[in-house]
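Worksheet: one structure, shown below.
Every chain is numbered from 1 and lettered A, B, ... according to where its sequence line falls, protein lines coming before strand lines.
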Protein chains: 2
Amino acid sequence: MTETDSPLPSPPDVTSADAAATSIREMILEGHFMPGDRLHQDHLAETLGVSRTPLRTALARLAQDGLIDYEPNRGYRIRRFLVSDIREAFTVRANLEGLACRLAAEAGMSTGDLDRLQALVAEGDAILFKGALPIDQLPAYRRMNVEFHETIIAAAGNRWIGRFVHQSHNVPLVSDRVILWDDFGVIHRSHDDHRRIAGALADRDGVRAQNLMNEHVTYAGQLLADRLEADPSATLRHAFHDKKADDRTRPSTGDPR
Amino acid sequence: MTETDSPLPSPPDVTSADAAATSIREMILEGHFMPGDRLHQDHLAETLGVSRTPLRTALARLAQDGLIDYEPNRGYRIRRFLVSDIREAFTVRANLEGLACRLAAEAGMSTGDLDRLQALVAEGDAILFKGALPIDQLPAYRRMNVEFHETIIAAAGNRWIGRFVHQSHNVPLVSDRVILWDDFGVIHRSHDDHRRIAGALADRDGVRAQNLMNEHVTYAGQLLADRLEADPSATLRHAFHDKKADDRTRPSTGDPR
DNA sequence: ACCCCTAATAATGTATCCAATCATGTGAAT
DNA sequence: ATTCACATGATTGGATACATTATTAGGGGT
């Protein structure tokens, strides 16, 4: 079986349209725009220092990603996300990642991948050892979390799952890079899910791994959505969200993985 | 609850880039290109009667859809689909459509939608009444099938499911418009699935509807993939696939080039 | 004969220009 | 006063021209 060296690779921005796309994407996730805002092509092109042609392809890509809306002859607008969008995205993500677990378990993961999962669990253990998640350890924890999920998805051997999960990440806050860090109980339980999932995968117990992952993602989504509805600003304060990971490049659009 | 008048609407080709995209998409699904073929921009633009600018946006869209591959400075190529791609797409489709059933059942479908499903089942009954699927009834049967699935997906109230299922349809032959019509036993059973699914949805039995739909789609995919592996040409002959209307002539096996 | 380097060629990426469409604002008629 | 019509300005869509990158053909050297 083939080893998954880098779970979800993303190519560098070789063309200027790519660069524009990533720039705009980061701008949006950074909250630089308000929902409903129009994206002036002339203005944006001048800001990014490119012509309108590559800009337009970049906008088209973002629209396909679902990050912005497009209407012919009316241009592009920042999409307005509702809490229901977040719930729905998490529902699908939970199902797909659960499916990934079952497929990976049934296929039998390589010892390399299994070791990797165990190492990631150990990483989490080390971080959470003191019964808390120190704020300065958040990046490390987040990276561990991302890699855990991506490893399983890659091991599932079904390109569509990775593709769709990736797309669902384009909804703000719906990402395994987002971590609500103010409730240690939740985090501890979440990490325990990881441990059990890794164990189920090692045992090739597909159904158990699937159920665990489904609940794992579903609960995270429910928690986030409930909090958003209760108090959006407080939730955003406690959600650790970096638009540009320290080491990881941003998954670009249009790449066959 | 709101009525779903047109389950999954697809906007008309208002811009010429849209027209180019649909044209090329149909060309590809029609088998007009061979896997790995390069898509010359100048040539295609002239063929379609448009400039390279809208053509390029169309190609970018198709690449995002996964129908063609793209490499910077090297252009677009027809993607090479393997039987495994078809299997994988069906796996995900089965899971997502099963999820759609569960969600629709739990939310409770409107009486309008339920009536519609019943009407569609009755349509199928009428077509299959004589214990066979007459070749001239294929278009009607196919339309019924498409509408059945789309109605449920729309009723699930989760835009991501529809979106992803739609994308998975971009794999050649992975579409509810494709029907293997030479085995009446399979068709009869498939239609019986529809009946039971409609019943489960009416009973708000989410799990049952989910399981039925999952198996319904999974089996279709397995049958198709197994046949393709056994004898591709024979399978294609028995797979009824129309890209748009019922006015197709022949998909010219010996394509010009 | 083979390989590598170089130059010509072709195809893609980008910029600019023109056309078509939509939004806005003014004015007259009811 | 309100509404409809029309004209004007702004913005997007499409076509063309230019720049840059890959591919390929050819020649010289080993």
Completion exercise
Sorted by number, residues from residues 44-55 of chain A placing a heavy atom under 4.0 Å from DNA chain C are A:V50, A:S51, A:T53, A:P54
Practice task
Would you kindly say whether A:Q222 and A:R87 are connected by a side-chain donor-acceptor distance under 3.5 Å?
Solution key: no
Practice task
Quick one: label A:R56 by what it contacts on the DNA or RNA (base, sugar-phosphate, nothing), any heavy atom closer than 4.0 Å.
Solution key: base
Fill in the blank from the handout: Looking only at heavy atoms, the pair that brings B:S23 and B:L48 closest together is CB-CD2, 4.1 Å
Exercise for the section: Could you check if a side-chain atom of A:T15 sits within less than 4.5 angstrom of a side-chain atom of A:T57, using non-hydrogen atoms only? Expected result: no
Exercise for the section: Mind running a 4.0 Å heavy-atom check of residues 72-79 of chain B against DNA chain D and sending the residues that fall below it, in number order? Expected result: B:N73, B:R74
Problem - Flag side-chain contact, heavy atom, 4.5 Å: A:F90 against A:V217 - result: yes
Exercise for the section: Could you tell me whether B:S16 contacts a base, only the sugar-phosphate backbone, or nothing, with contacts defined as non-hydrogen atoms closer than 4.0 Å? Expected result: sugar-phosphate
Practice task
Report which part of the nucleic acid A:L59 touches: base, sugar-phosphate, or nothing (heavy-atom distance under 4.0 Å, all strands).
Solution key: nothing
Problem - Beyond-backbone contact of A:R74 with A:R38, side-chain heavy atoms, under 4.5 angstrom - result: no
Handout entry: Pairwise side-chain contact, A:F164 with A:V92, heavy-atom cut-off 4.5 Å (strictly under)
Key = no
Practice task
State whether A:D69 and A:R80 are salt-bridged, where the test is any N-O pair (Lys NZ or Arg NE/NH1/NH2 against Asp/Glu carboxylate O) under 4.0 Å.
Solution key: no
Handout entry: Range on DNA chain C touched by chain A, heavy atoms, distance below 4.0 Å
Key = C:dG13 to C:dA23
Completion exercise
Contacts satisfying ring-ring contact (aromatic ring centres under 6.0 Å, His included) that involve residues 22-55 of chain A (not counting sequence neighbours) are none
Problem - Salt bridge flag under 4.0 Å for residues A:D85 and A:R79 - result: yes
Exercise for the section: State, yes or no, whether a side-chain contact exists between B:L59 and B:Q41 at a heavy-atom distance under 4.5 Å. Expected result: yes
Handout entry: Sequence neighbours excluded, every pair satisfying ring-ring contact (aromatic ring centres under 6.0 Å, His included) that has a member inside residues 52-71 of chain A
Key = A:Y70-A:Y76
Handout entry: chain B footprint on DNA chain D, 5' to 3' - any atom under 4.0 Å from a heavy atom
Key = D:dG13 to D:dT23
Practice task
Indicate yes or no: does B:E147 engage B:R116 in a salt bridge with an N to O separation below 4.0 Å.
Solution key: yes
Practice task
Using a 4.5 Å cut-off on heavy atoms from C-beta on, say whether the side chain of B:D65 contacts that of B:R25.
Solution key: yes
